[in-house]
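So that the names make sense, note that chain A is the first sequence line, chain B the second, and so on, each numbered from 1.
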Protein chains: 2
Amino acid sequence: MNKDKQAFYEVFTALQCFILAHMHKGEVNGVTATHYNLIEYIYRHDQCTGKQVAKAFNISPPAVSRQFKFLIAQGLIEQEQSPEDRRIFHLRVTGKGRFIVDNSENFRETVAQKASQNLSKTELKSLTALLSKVMDKIGTKGA
Amino acid sequence: MNKDKQAFYEVFTALQCFILAHMHKGEVNGVTATHYNLIEYIYRHDQCTGKQVAKAFNISPPAVSRQFKFLIAQGLIEQEQSPEDRRIFHLRVTGKGRFIVDNSENFRETVAQKASQNLSKTELKSLTALLSKVMDKIGTKGA
DNA sequence: GCTAATAGTTAACAAAGTTAACTATTAAGA
DNA sequence: TCTTAATAGTTAACTTTGTTAACTATTAGC
């Protein structure tokens, strides 16, 4: 591995450790980080389906199913059977769920805050563009 | 949230989802991603202790203890009681463990590979520097 | 030397992942 | 049209891995 790549590898390792460490943190606003991520996904992908969520999070349908059961019981999301294809249930967040997303100081927001505070406008734009470029390449060919 | 920060937030969200998704992937070379991360940490922090690992991964000492039990049983790491302070057990990876780290096409290496392939030398250096700057700021003040 | 602190382990439990087998529904083809 | 295959989602049984509480062994402080 060349020197530049190695340097990137190391900072990326730190980033991954940091992200993973934050998944184990306790709940904020009554929901865990995992629940929060699910709610936010549904918020940003209104009317999405369970299958779609399972794929996005790379977890099995039963895992998704159980999480939804919990989130529905908590009144954070709702399901509605599609009239066109009754196998499908469309998802949306409730007012309570939306409130949590809108008012949570979540982990990503904290990182974005730090990034925007500590980098110049040009640097932040550059970081976003570069990260995005790498993510695109990974996404298209699959890691 | 301003526009640039929002843009960063979004690409960072994609990155987080991607990292989390890869933690659920099955095993490679007979070890899961979680085990791999532990082995690699011990490899890169030779003679470290359980307490240190627990702190680095933000997991409790019993969780670390159980993982070590498994990794020792698999012959991937070894423990040795410190002669100076017999409460402490120093860790190191075995030859088998080292082989896995050296020969694993791990997730981070794949990302580093893509980054180095798809960015110019200047871009890669810039990305590393910017990421590192943000990580430092997060680390120092705690997220 | 007694007491407090530290490193690590064991036990009991909870959360969240998995696969296998199921229901309900839709699509497809003889 | 009717049977068969495929799809979306659920339930059950199990595994992994996290947690806290309580424990042992060892060291440090007065």
Quiz item: When you list every nucleotide of DNA chain C with an atom under 4.0 Å from a heavy atom of chain B, which one comes first 5' to 3', and which comes last?
Solution: C:dA5 to C:dG17
Hey, does [Y] have a side-chain heavy atom less than 4.5 Å from the side chain of [X]?
X     : Y      : value
A:F12 : B:T128 : no
A:E40 : A:R108 : yes
B:T34 : B:Q67  : yes

Quiz prompt | Residue mapping more 5' on DNA chain C - nearest nucleotide basis, A:N58 or A:R86 | solution = A:N58
Practice problem: Using the closest heavy atom to pick a nucleotide of DNA chain C for each, name whichever of A:R87 or A:A63 lands nearer the 5' end. | Solution: A:A63
Gap between atoms [atom1] and [atom2], on [X] and [N] respectively (whole Å):
X     : N      : atom1 : atom2 : value
B:R66 : D:dG18 : CZ    : C1'   : 7 Å
B:K69 : D:dT16 : NZ    : P     : 14 Å
B:N37 : D:dG18 : CG    : C1'   : 16 Å

Exercise. Keeping the roles fixed (side chain from B:S104, backbone from B:I100), state whether a donor-acceptor pair exists under 3.5 Å.
Key: yes
Quiz item: OP1 or OP2 of D:dG18 less than 4.0 angstrom from a side-chain nitrogen or oxygen of B:S60, does that happen here?
Solution: no
Practice problem: Write out all pairs satisfying side-chain hydrogen bond (donor to acceptor under 3.5 Å, both in side chains) with one or both partners inside residues 55-66 of chain A, taking only residues at least two apart or from two chains. | Solution: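 As it turns out, there is no side-chain hydrogen bond (donor to acceptor under 3.5 Å, both in side chains) pair with a partner in residues 55-66 of chain A once direct neighbours are skipped.
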Quiz item: So B:F18 and B:F107, would you call those rings parallel, tilted or perpendicular, with 30° and 60° as cut-offs?
Solution: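 B:F18 and B:F107: tilted rings.
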With heavy atoms under 4.0 Å as the rule, sort [X] into base, sugar-phosphate or nothing.
X     : result
A:F68 : nothing
B:H35 : sugar-phosphate
A:Q79 : sugar-phosphate
A:E84 : sugar-phosphate

